[in-house]
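Along the sequence shown, the residues carry numbers beginning at 1.
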Amino acid sequence: MIAKTYYPEHPLDDLYRECYYLQMDDIVGIGRIPVIDDCCYDIVFFKEAEGNFYYGEDARKVPISSKVFTIHSVTPPYRIEAKDSLTFFTIKLQPWVNAYFFSELEQSGVVDIRKLDSSLERIHQKLFSEVEVSARFDIAEELMMGKIFELSPSMELVREICALIYERQGKITVNELSKHFEKSRQYLGKIFKKEVMYPLKKFIITVRILDLVKYKAKNPDVLLTQLSYDYGYFDQAHFINDFKKVCGVKPLEFFNNLPEFLLRHQ
C-alpha cells in the first residue's frame with residue numbers, strides 16, 4: 001500500500017486542506033474500506049473507475065463508475081468496495097469553500113463532477129500517467145492555483161469559526177462561539193450552513209470525534225473511557241451516540257477494526 005499526503009501553503013491553504021494519494025494493489029480479502037465524512041468535500045480522482053459505494057445502516061449500494069467524483073448528502077457509515085486494486089488521488093477542500101464549489105449539486109451519493117469542470121478529465125489522465133507521487137501533488141497544486149479567488153466576508157467569518165473549532169479540537173460549544181464572535185447563535189448557524197453545507201453543531205462534533213480517533217490511533221493504550229472524558233464526554237451514552245453519528249459504528253467496533261490506511265495522518 002502507498003499512502004502519501006501533501007499540505008498546501010498559503011494562499012492555496014485557503015482553498016484546500018490537503019491532497020493525498022492512496023494506492024492499494026491487492027485488496028482481495030480486505031473487503032469494504034471505511035470512509036469517514038469530515039464535513040470537507042473532496043474532489044476524488046479514481047483510477048480504476050470501478051467499484052461500489054455503500055452508505056447508511058442498511059448498507060445501500062451505489063455503483064462507482066465515475067473517474068472524478070464527490071460524495072454528497074448521504075448518511076454514515078460509508079464503505080468503498082473494489083475488486084482487485086484501489087487507486088485514489090483526492091483533493092480535500094476547506095469547509096468554508098464547500099458551497100462555492102458544490103452548492104449546485106442536486107444528486108445525492110456518488111456524484112460525477114466532470115461536468116462542473118471540463119479540465120478534470122484531463123487532470124485525471126495526467127495524475128495517473130505520472131510515476132512520482134510528488135509530481136501528482138504538483139498537478140493538484142497547479143489545478144487549484146487556477147481556482148484561487150477572494151473569499152467573501154461570510155466565507156472569511158466561517159474560516160475563522162472553523163479555525164477556532166480546529167484549534168480547540170472540537171471541544172467548544174455554539175454558545176461559546178456566539179460569545180467569541182459576538183454574533184447570535186442563529187446568525188452563526190445560518191451563515192455556517194450556507195457556506196459549509198453542514199450544520200455548525202454537526203461540524204463541531206465531527207472535529208471532536210475525528211481528533212479523538214487520531215489521538216487514539218497514535219496512543220492505542222489509552223482507555224476509551226478516559227479519552228471520552230478528556231474530550232468533554234461525561235456520559236458514555238452521549239459519547240457513543242456522537243461517535244456513531246460520525247463514524248457509523250460504535251467506538252469499540254471501530255477501533256477493533258481500524259484499517260491501516262486510516263492511520264495516514266499519524
Side-chain angles (χ1 to χ4, degrees), residues 13-18 35-43 55-57 70-78 90-106 108-109 111 149-215 227-249 251 254 265:
D13 60 350
D14 275 346
L15 287 187
Y16 70 105
R17 296 182 61 75
E18 63 182 33
V35 179
I36 299 177
D37 182 4
D38 58 6
C39 300
C40 300
Y41 274 68
D42 295 329
I43 302 172
Y55 68 93
E57 293 186 0
T70 195
I71 305 297
H72 176 60
S73 189
V74 290
T75 54
Y78 311 143
T90 300
I91 300 173
K92 182 172 293 296
L93 298 178
Q94 293 286 17
W96 52 87
V97 299
N98 282 349
Y100 178 84
F101 283 93
F102 292 125
S103 63
E104 297 180 2
L105 294 181
E106 297 179 355
S108 62
V111 183
F149 66 96
E150 185 175 351
L151 298 182
S152 68
S154 63
M155 288 179 189
E156 287 283 7
L157 175 57
V158 172
R159 182 176 65 82
E160 292 178 17
I161 294 170
C162 290
L164 184 56
I165 295 170
Y166 285 132
E167 179 185 331
R168 298 279 188 88
Q169 302 169 307
K171 303 175 206 174
I172 193 169
T173 66
V174 177
N175 280 336
E176 289 171 334
L177 289 169
S178 177
K179 291 179 182 177
H180 180 88
F181 290 100
E182 299 181 339
K183 306 286 185 183
S184 72
R185 289 169 51 96
Q186 292 76 15
Y187 178 80
L188 291 184
K190 181 179 179 180
I191 198 170
F192 194 91
K193 181 69 179 292
K194 173 180 175 288
E195 302 295 357
V196 183
M197 297 164 58
Y198 283 89
L200 177 53
K201 188 173 181 181
K202 177 179 174 60
F203 183 82
I204 293 170
I205 292 171
T206 298
V207 170
R208 184 188 310 157
I209 293 298
L210 290 184
D211 198 272
L212 182 152
V213 165
K214 291 175 186 178
Y215 187 89
L227 194 54
S228 66
Y229 289 155
D230 293 343
Y231 277 80
Y233 291 102
F234 302 102
D235 179 343
Q236 285 300 295
H238 185 196
F239 167 58
I240 292 171
N241 184 55
D242 276 1
F243 197 97
K244 283 192 68 177
K245 285 179 182 177
V246 176
C247 300
V249 296
F254 180 88
H265 288 294

Trace of the side chain to side chain contact (heavy atoms under 4.5 Å, CB included) decision for Y100 with L15 = CA-CA 10 Å; Y100 178 84; L15 287 187; 5.9 Å; no
List the residues meeting side-chain contact (heavy atoms from CB on, under 4.5 Å) with [X], not counting sequence neighbours, and say none if there are none.
X: S108; answer: S73
X: V249; answer: R79, E253, F254
X: T75; answer: Y55
X: D14; answer: H10, L151, R159

Any chance CD of E156 has more than 12 other-residue heavy atoms, nucleotides or ligands included, within less than 6.0 Å?
->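 Buried by this count: over 12 neighbours within 6.0 Å.
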Using a cut-off of 6.0 Å, state whether more than 12 heavy atoms not belonging to F181 lie near its atom CZ.
->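 Yes, because the 6.0 Å sphere around CZ of F181 holds more than 12 heavy atoms from other groups.
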Using a 4.5 Å cut-off on heavy atoms from C-beta on, say whether the side chain of [Y] contacts that of [X].
X: I43; Y: L93; value: yes
X: L164; Y: L177; value: yes
X: E57; Y: K244; value: yes
X: V35; Y: I71; value: no
X: C162; Y: V158; value: yes
X: L227; Y: L212; value: yes
X: D42; Y: F102; value: no
X: L200; Y: I165; value: yes

Drop me the distance from [X]'s [atom1] to [Y]'s [atom2], to the nearest 0.5 angstrom.
X: I191; Y: M155; atom1: CD1; atom2: CE; result: 10.0 Å
X: W96; Y: S152; atom1: CH2; atom2: OG; result: 12.5 Å
X: H238; Y: Q236; atom1: NE2; atom2: CD; result: 11.5 Å
X: D230; Y: D211; atom1: CG; atom2: CG; result: 11.5 Å

With sequence neighbours left out, write down each residue that passes ring-ring contact (aromatic ring centres under 6.0 Å, His included) with [X], or none if nothing qualifies.
X: H180; result: none
X: Y231; result: none
X: F203; result: Y166, F192
X: Y198; result: none

Can you sort out the partners of T90 under side-chain hydrogen bond (donor to acceptor under 3.5 Å, both in side chains), two or more places apart, ordered by chain and number?
->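 Listed in chain order: nothing, the list is empty.
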Set of side-chain hydrogen bond (donor to acceptor under 3.5 Å, both in side chains) partners for Y16, sequence neighbours left out =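 If we apply the side-chain hydrogen bond (donor to acceptor under 3.5 Å, both in side chains) test to Y16, skipping adjacent residues, there are no hits.
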Qualifying side-chain hydrogen bond (donor to acceptor under 3.5 Å, both in side chains) pairs, either residue in residues 200-210, two or more places apart |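 Sorted pair list: R208-Y233.
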With sequence neighbours excluded, give me every side-chain hydrogen bond (donor to acceptor under 3.5 Å, both in side chains) pair touching residues 183-194.
->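 For residues 183-194: N175-R185.
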Can you check side chain to side chain contact (heavy atoms under 4.5 Å, CB included) on I36 and V246, steps first, answer last?
-> CA-CA 7 Å; I36 299 177; V246 176; 4.0 Å; yes
salt_bridge(K92, D38) N-O dist < 4.0 Å =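 Yes, charged N to carboxylate O under 4.0 Å.
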Any chance you could lay out the side chain to side chain contact (heavy atoms under 4.5 Å, CB included) test for V174 and L188, step after step, and finish with the verdict?
-> CA-CA 8 Å; V174 177; L188 291 184; 5.5 Å; no
Nearest heavy-atom neighbours spanning [X] and [Y]:
X: C40; Y: R17; value: SG-CD, 3.5 Å
X: V213; Y: C247; value: CG2-SG, 4.3 Å
X: P95; Y: C39; value: CB-O, 4.0 Å

Taking the inter-plane angle between the rings of Y229 and F234 on a 0 to 90° scale, is it parallel (under 30°), tilted (30 to 60°) or perpendicular (over 60°)?
->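 If you compare the ring of Y229 with that of F234, the planes turn out parallel.
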Side chain of D242, backbone of I205: donor and acceptor closer than 3.5 Å?
->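 Answer holds: no.
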